[in-house]
Amino acid sequence: MRPVFAVWVDEALYLSSDPTARKSRNLDGDAHCSIATSCHDLDLVVEGKAQRVTDPRRLQRIAAAYKEDPRGLASAA
């Protein structure tokens, strides 16, 4: 388990990772993944399949959401 900064945009959860990082290489081998968080009395686990984003317009929307709220909290609320 590692800390991950994520943001919710267009009905999906996005995170970033260097293509050479272990996380990216693991997802290249098996796209099934989960992200877990805990806040006060709430524990949340999101499961799904990771997919690399290459569309420039979508990447711009994701980058704007990160810039608006670098912690990703307001976008996910």
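With sequence neighbours excluded, no residue forms a side-chain hydrogen bond (donor to acceptor under 3.5 Å, both in side chains) with Thr54. Partners of Asp55 under the salt bridge (Lys or Arg N to Asp or Glu O under 4.0 Å) rule, at least two apart in sequence or in another chain, do not exist in this structure.
Looking at Asp10 and Arg61, a side-chain N of the basic residue comes within less than 4.0 Å of a carboxylate O on the acidic one, giving a salt bridge. Comment: Lys23 does not engage Asp18 in a salt bridge, judged by the lack of any side-chain N to carboxylate O separation of less than 4.0 angstrom.
Tracing side-chain contacts under 4.5 Å through hydrophobic residues (I, L, V, M, F, W, Y), one reaches Leu13 starting from Tyr66; they form part of the same cluster. Trp8 is connected to Leu59 through a chain of hydrophobic side-chain contacts under 4.5 Å among Ile, Leu, Val, Met, Phe, Trp and Tyr, so both are in one cluster.
Scanning all heavy atoms of the two residues, the minimum distance from Ile62 to Val7 falls at CG2-CG1, 4.1 Å. The two residues Tyr14 and Val53 have their closest heavy-atom pair at CE2-CG2, 3.6 Å.
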Distance-only check: which donor-acceptor pairs under 3.5 Å involve side-chain atoms of residues 36-49, not counting sequence neighbours?
{"residue": "Ser38", "atom": "OG", "partner": "Asp43", "partner atom": "OD1", "Å": "2.7"}

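Proximity of Arg52 to Asp28: side-chain heavy atoms (C-beta onward) are separated by under 4.5 Å at one or more points.
Arg25 places no side-chain N or O within 3.5 Å of a backbone atom of Pro19 that could act as its donor or acceptor partner.
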